[in-house]
Amino acid sequence: MPTVPWIKVDTPVGPDALIMASRLEVRSLRQVPGFLMASMTLLRQARRSPGALGVS
């Protein structure tokens, strides 16, 4: 799996930050196009979310 670079969205205001990590898998090649479209939508949404510091 290729490494996806970190995209800085905002600068932290305080000393605390919440980190969320997930792992998503597809079961067959037929699911790949839908998975890629959904992941691009999620990336766009995460970048626009208030308080987001960055995404990868």
Side-chain angles (χ1 to χ4, degrees):
M1 187 82 187
T3 302
V4 180
W6 179 258
I7 301 168
K8 185 177 177 182
V9 178
D10 200 1
T11 304
V13 176
D16 297 327
L18 178 65
I19 299 171
M20 187 281 220
S22 64
R23 178 177 147 174
L24 305 171
E25 298 180 12
V26 294
R27 295 180 188 261
S28 71
L29 288 176
R30 289 186 313 179
Q31 295 178 330
V32 171
F35 174 82
L36 290 175
M37 298 248 324
S39 63
M40 294 306 294
T41 301
L42 292 171
L43 178 62
R44 198 173 315 115
Q45 181 182 9
R47 291 180 72 176
R48 294 178 179 167
S49 296
L53 300 178
V55 294
S56 176

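- What you find for Leu53 and Ala17 is that their closest heavy atoms are CD1-CB, 4.0 Å.
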Result block: side-chain N/O donor-acceptor pairs under 3.5 angstrom for residues 34-49, not counting sequence neighbours:
{"residue": "Ser39", "atom": "OG", "partner": "Phe35", "partner atom": "O", "Å": "3.2"}
{"residue": "Ser39", "atom": "OG", "partner": "Leu36", "partner atom": "O", "Å": "2.9"}
{"residue": "Thr41", "atom": "OG1", "partner": "Met37", "partner atom": "O", "Å": "3.1"}
{"residue": "Ser49", "atom": "OG", "partner": "Gln45", "partner atom": "O", "Å": "2.8"}

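- The salt bridge (Lys or Arg N to Asp or Glu O under 4.0 Å) analysis of residues 24-36, with sequence neighbours excluded, yields the pairs Arg23-Glu25.
- Minimum interatomic distance between Ser56 and Pro5 (heavy atoms only, all atoms of both residues): OG-O, 3.6 Å.
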